[in-house]
Amino acid sequence: NAGVTQTPKFQVLKTGQSMTLQCAQDMNHNSMYWYRQDPGMGLRLIYYSASEGTTDKGEVPNGYNVSRLNKREFSLRLESAAPSQTSVYFCASQATGGLSNTGELFFGEGSRLTVL
Amino acid sequence: AQSVTQPDIHITVSEGASLELRCNYSYGATPYLFWYVQSPGQGLQLLLKYFSGDTLVQGIKGFEAEFKRSQSSFNLRKPSVHWSDAAEYFCAVGAWKRNYQLIWGAGTKLIIKP
């Protein structure tokens, strides 16, 4: 059972470099999310995708872009990394629709990014 | 506006003692409520959820939570904690904004004393 898979798990960047975090889910979920987690601040939503082909901004979208490549994959791109983007990034997926669905999120194990 | 408050940033409990983690929410309709646990260096795992019916819900690892509408609370409890319960615990409420989303509390870090 793979669930939600994120790559890479660790990354160190220099200021101004770019990179893409990859996320894939094998649960046929419609919705996918990118969060960042910083000490004392809980989870903050960066972007989400309610369905294939759609994306929307969350609380903290500045400095990030996303692509919902297909139903399985949702990538997060940092075009020009800044030290303020040092964080742990989590991808999550969610089944939506149906009377019994309560909107539970399934999380990947996280990607730890350091920007020097 | 919808919000979730976890008043305790840290809680320290002796191994074998009982535990209660507090969660208060603000939401206009009947909420869907969740507790997640995050072990060090890991992702978040669902402990339990409430969406209707019995207000006392049982979860994994011996945890339970009680929904109290009058108090807008969904506190997490465990009768006897184990050292392996040391983790961070997050409460969340499901809410409709432009789409259905989870609104998160800031988390409570549980420290277990031997």
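The basis for the numbers below is simple: all heavy atoms, side chains too, and nothing from hydrogens, waters or symmetry mates. The chains referred to below are lettered A, B, ... by the order of the sequence lines, with proteins before strands, and numbering in each begins at 1.
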**Report entry** Note: B/D85-B/K61 ion pair, threshold 4.0 Å (strictly below)
**Finding:** no
Query - Region of A/Q6 that comes under 4.5 Å of a non-hydrogen atom in chain B - result: neither
Query - Closest-packed option against chain A by number of heavy-atom pairs under 4.5 Å, given B/Q45, B/E88, B/Q6, B/Q42 - result: B/Q42
Query raised in the report: Do B/W104 and A/F90 make the cut of ring centroids closer than 6.0 angstrom?
Result: no
Requested in this report: Cation-pi check, B/K78 to B/F63: give yes when NZ or CZ is under 6.0 Å from the six-membered ring centre and within 45° of the ring axis, no otherwise.
Outcome: yes
Query raised in the report: For B/L46, is it the side chain, the backbone, both, or neither that has a heavy atom closer than 4.5 Å to a heavy atom of chain A?
Result: side chain
Requested in this report: Pick one of side chain, backbone, both or neither for A/R112, based on which atoms fall under 4.5 Å of a heavy atom in chain B.
Outcome: side chain
Query raised in the report: Would you call A/R77 and A/E79 a salt bridge, using N to O less than 4.0 angstrom?
Result: yes
Query - Which portion of B/Q38 sits near chain A, non-hydrogen atoms under 4.5 angstrom - result: side chain
Query raised in the report: Any Lys/Arg nitrogen of B/R77 or B/E64 sitting under 4.0 Å from an Asp/Glu carboxylate oxygen of the other?
Result: yes
